[in-house]
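Heads up: the structure comes next, in structure tokens.
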Amino acid sequence: MSRTTTALVLTAIKGPLELREVHLDSIRPDEALVEIHASGICHTDISCANGILPCAPGAVLGHEGAGIVLETGSAVTTVSKGDKVLLSFSHCESCALCTSGHPAYCHDFNVRNFGGKRPDGTSALLLDDAGKTPMFSSFFGQSSFARHALVHRSSLVKVPPHTDLALFAPLGCGVQTGAGAVLNVLDVREGSTLAVFGVGSVGMSAVMAGKLRKARTIIAVDVQPGRLELAKSLGATHAVLGSGDVVAEIRKICPPVGVDFAVDCTGITAVIGSMVEALGTRGRAATAGAPGFGSRVSLDVMDHLTYGKEYVGCCEGDSLPSEFIPYLIELHAKGQLPLEKLITFYDVKDYEKAIRDSETGVTLKAVLKWE
């Protein structure tokens, strides 16, 4: 049976979001109905709203949801009514990459997460006006900028009853991306050197993961001095202001050529170029920031060849959410992932301020509370 709920609806690309009443479609066998208690705001949400990443008017975004299961479809077996869940990205669960533990590279990841429809092409949300017009929904399998969401089973991660849903909502994307870049993609070694370009919530998570791996040197790079100071308190051993000659500064810290590992969390192509240039011999770099499809970076091929450098992509930290998210919660319990230092909570009615603060860098990670 369908129901009405409240959602943040994107009225137009680059246009405002509005709290509106919408209709949820009937639950499908592979879905769960989740009462959303908190939604993290990710820069991917903002990039979609601004047209940098694929989106459409009538979108309900949000892909760092957290809530309680109200109902499950017949094909959902991992959660039950009353369970607390964190929500992550959607994947097909059956392709070679999903079955080998790499669902972030699912063959239809982009269609499922940026397509705005369920896998069968239908919309999970309908607007009341214009005869219940279909909306851009099922974003990352959840569209969790809403009081209730129909969530694909692959996006559901069951967590213990005592879990603080608002605190851990960002694990669904931003935090797992930054931590996974270091732990899974780069596989940073003890005693090695690491540079993190852009220390927002993703970059701060990478810094904390570098400390967890006992990297000898962790260099935080950012244009905001306040973020650099926070990064140093979370594990960075050095801070480099992004407005200067970053490559030269990194080579001073890690002579003669540069760092063993690096991750870009900005998605800025010029920064990515500097990151690769700052790699040392047989250094490995990963991009975790999303600049938008069609972006290009120029590399010095001979430099890349003679120093044996590697540059790879990093989607969602190459994580398996059902395993990696509980692991991150364990790290927090041990004091090794102090998320509370990154997060600012906002009542959902203050969503405009939350988005503005995220865009301007006032807050590292904004989390909307729907309760």
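Residue numbers count from 1 along this sequence.
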Same cluster or not: [X] versus [Y], using hydrophobic residues (I, L, V, M, F, W, Y) connected whenever any side-chain heavy atoms lie under 4.5 Å apart?
X	Y	value
L19	L17	yes
V367	V348	no
V196	I219	no
L156	L165	no
F136	L150	yes

Study note, to complete from the structure: CD of E316 to NE2 of H102, rounded to nearest 0.5 Å, is 15.0 Å
Check your understanding: From C98 SG over to D108 CG, what is the distance, rounded to the nearest 0.5 angstrom?
Key -> 7.5 Å
Heavy-atom pair with the smallest gap, counting every atom of [X] and [Y]:
X	Y	answer
A7	V22	CB-CG2, 3.9 Å
S205	L342	OG-CD1, 4.3 Å
G210	I218	C-CD1, 3.5 Å
P57	T11	CB-O, 3.8 Å
T287	G289	CG2-O, 3.2 Å
A104	D318	CB-CA, 4.3 Å

Salt bridge or not for [X] and [Y], using N-O below 4.0 Å?
X	Y	value
D30	R118	no
D260	R284	no
K365	E64	yes
D120	K117	no
E249	K252	yes

Side-chain heavy-atom pair [X], [Y] within 4.5 angstrom cut-off:
X	Y	value
R296	T269	no
E21	T6	no
L339	L171	yes
F168	T163	yes
I268	P291	no
Y311	I272	yes
E31	T72	no
V85	V34	yes

Is the distance between the ring centroids of [X] and [Y] less than 6.0 Å?
X	Y	value
H152	F140	no
F89	H91	yes
Y346	Y351	no

Practice item. Could you point out which residue of R20, R147, H148 forms a side-chain hydrogen bond (donor to acceptor under 3.5 Å, both in side chains) with T5? Key: H148
Exercise for review: Tell me, with the steps shown, if H332 and E340 meet side-chain hydrogen bond (donor to acceptor under 3.5 Å, both in side chains).
Suggested key: CA-CA 10 Å; H332 178 270; E340 55 275 358; 2.8 Å; yes
Check your understanding: Between D264 (side chain) and G267 (backbone), is there a donor-acceptor pair under 3.5 Å?
Key -> yes
Please check if the number of heavy atoms outside [X] that lie under 6.0 Å from its [atom1] is greater than 12.
X	atom1	answer
Y105	OH	yes
R216	CZ	yes
K369	NZ	no

Point to revise | side-chain hydrogen bond (donor to acceptor under 3.5 Å, both in side chains) evaluation trace for E35 with H37 | key: CA-CA 6 Å; E35 179 184 77; H37 287 211; 2.8 Å; yes
Practice item. Could you pull out all residues at least two apart from D83 that satisfy salt bridge (charged side-chain N to carboxylate O under 4.0 Å, His left out)? Key: K158
**Study point:** Exercise: do S319 and Q176 side chains pair donor with acceptor under 3.5 Å
**Key:** yes
Check your understanding: Regarding T193 and T217, is there a side-chain donor-to-acceptor distance under 3.5 Å anywhere?
Key ->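 Their side chains do not contain a donor-acceptor pair, so the 3.5 Å distance test is not met.
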Practice item. Decide yes or no on side-chain hydrogen bond (donor to acceptor under 3.5 Å, both in side chains) for S137 and S123, but give the supporting numbers first. Key: CA-CA 6 Å; S137 65; S123 177; 3.2 Å; yes
Exercise for review: Under the ring-ring contact (aromatic ring centres under 6.0 Å, His included) rule, what do H63 and F145 come out as? Steps first, then yes or no, please.
Suggested key: CA-CA 8 Å; H63 60 289; F145 281 176; 8.0 Å; no
